[in-house]
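What's counted below: heavy atoms across the whole structure, side chains too, no hydrogens, waters or symmetry copies.
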Amino acid sequence: MYTVSNRLKIGAIILMVVGALGIVSGFLSAPSTVAEAKEMVASHGDGHGDGHGETVVDEGHGSYTEEGGHAMTEAEHDEHVFHQLQNKPWAALYVGAFFFFMIALGALAFYAIQRAAQAGWSPLLFRVMEGITSYIVPGGIIVFVILVLSVMHMNHLFVWMDADVVAHDALLQGKAGYLNPTFFLIRAAIFLAGWIGYREYSRKLSLAQDDSNDDSNFKMNFRISAAFLVFYLISESIMSWDWIMSVDPHWFSTLFGWYVFASMFVSGITVIAMVTIYLKSKGHLEQVNDSHIHDLAKFMFGISIFWTYLWFSQFMLIWYANIPEEVTYYVTRIEDYNLPFFAMVAMNFLFPVLLLMNSDYKRINWFVIMAGIVILAGHYMDIFNMIMPSTVGKQWHIGIPEIGAVLFFAGLFVFWIFRALASAPLQPTRNPFIEESKHFHY
């Protein structure tokens, strides 16, 4: 039985405390009035600008902005920037919460695929996957609470939740049947119930199989995993539209569900590899060999290429067509988020290709860990680029709230998954494919 070391527990708790302090400081430093917001913008100088991807025009009676064909007066612009600065700690919290939640959700998809495919190489890793997916419970609850607070108008992350905005926007009025707060929360609750329900029931069957005299629990796990994958593909796509794409409700992409899936899938597999390597370094999972690590690294490499294919397909088609209502999504990110936008592409494509293309490197544990750190940082930046431009506009920088959110959720993530890993033996005993997994060699 694996026992979590006190050093790991203390380290995770310290991360949570320091992160929580950073999050709180971000909320305390947010402006409470429009005048205070104007002073904050002025004190930062030109910086990233003072708008939200708008064009500022001066016609002798004050500056205003043109956004989606609507000209804002100077007072409206100041109010707009005020909301962006108020959004900043909320957006940092939301990015951090969603990023670590999506790691667990990506690992759950990989776990369900292994179960449904009756894979012979991976049963030795099932307990690791089950430990990581345990974070879906606290992580999902936190994300849902943020969504509820958004519906309660505690923030301005989702502009379509503002009745005054919808009243002056014909496009949002046309989407009101789908984008309405009640239906939004109902969908979120259904998705979380399905994901958590599958994880808990599959885990129960997995543990019961070790004490069973037949393979009935294994067969049931196979059936529910196959059914769950259908639910997952549908719910994950809709979730990506609701929780991410709707922060910019004037823009949409038919590739977006797959794009977000690729990001969470490779992040989940990367963490599976990193946790497995850590446990081996502590003398556990003795029968996990270099071939298991090699296969995980192959998935890290392959899904990184798949992510790049989807990113380029989405970017190239929109950029080449140059349709104003579509291309504005990338214009905003290239002009206002130049560094995180292109750094994200390099970390998610160039680094995995260069680091993991060689088959021998996939068997070197420290090399896989190094590649994994780059991949995770790159996909955090990916989520950052999805959320921030539409919520804080040009008022962005990676500061105390952003770092605090990452530290807090990293600490909670580590604490929770290693607590789950310590609750059951790390190696299944009666899985029908366990012997094949023990002797797996590539």
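Summarising the geometry of Thr270 relative to Gly372, their closest heavy-atom pair is CG2-CA, 3.4 Å, with the distance given to 0.1 Å.
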Exercise for review: Begin from the C-alpha positions of Asn289 and His292 and carry the test side chain to side chain donor-acceptor pair (under 3.5 Å) through to its verdict.
Suggested key: CA-CA 6 Å; Asn289 56 50; His292 293 100; 3.1 Å; yes
Check your understanding: Can you list the steps and then say if Leu205 with Ile224 is a side-chain contact (heavy atoms from CB on, under 4.5 Å)?
Key -> CA-CA 10 Å; Leu205 292 173; Ile224 67 167; 3.8 Å; yes
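The shortest distance between side-chain heavy atoms of Arg419 and Val4 does not fall below 4.5 Å. Between Asp242 and Phe184 the shortest side-chain heavy-atom distance falls below 4.5 Å.
Taking the ring centroids of Trp90 and Phe27, they lie under the 6.0 Å cut-off. In this structure, the ring of Tyr337 has its center less than 6.0 angstrom from the ring center of Trp396. In summary, the aromatic rings of Phe409 and Trp416 are positioned with their centroids too far apart to meet the 6.0 Å limit.
For the atom pair Thr308 OG1 and Leu350 CG, the distance stands at 8.0 Å (nearest 0.5 Å).
Side chain to side chain, Tyr259 and Gln314 fail the donor-acceptor criterion of an N or O pair below 3.5 Å. Checked by atom type, the side-chain pair Tyr380/Asn385 shows no donor-acceptor distance below 3.5 Å. A donor and an acceptor atom, one from each side chain of Arg203 and Thr133, are nowhere located under 3.5 Å apart. With no hydrogens or angles considered, a side-chain donor-acceptor pair links Asp382 and Trp307 at under 3.5 Å.
Shown here is Lys438, whose NZ atom has more than 12 heavy atoms of other residues, nucleotides or ligands within 6.0 Å. The 12-atom threshold is exceeded at OH of Tyr278, counting heavy atoms of other residues, nucleotides or ligands nearer than 6.0 Å. Counting non-hydrogen atoms of other residues, nucleotides and ligands closer than 6.0 Å to CE of Met154 gives a total of 12 or fewer. Within a 6.0 Å radius of CZ in Phe252, no more than 12 heavy atoms belonging to other residues, nucleotides or ligands are found. For Trp311, the CH2 atom counts as densely surrounded, since its 6.0 Å shell holds more than 12 non-hydrogen atoms of other residues, nucleotides or ligands. The local environment of CE in Met152 is sparse, with at most 12 non-hydrogen atoms from other residues, nucleotides or ligands closer than 6.0 Å.
Of the listed residues (Asn348, Ile398, Val345), just one forms a side-chain contact (heavy atoms from CB on, under 4.5 Å) with Met381, and that residue is Ile398.
Geometrically, Arg363 does not engage Tyr361 in a cation-pi contact, judged by NZ or CZ lying under 6.0 Å from the ring centre and within 45° of the ring axis. Annotation: cation-pi geometry satisfied between Arg187 and Tyr178 (NZ/CZ under 6.0 angstrom from ring centroid, within 45° of ring axis). Taking the ring axis of Phe301 as reference, the NZ or CZ atom of Lys362 stays within 45° of it and closer than 6.0 Å to the ring centre.
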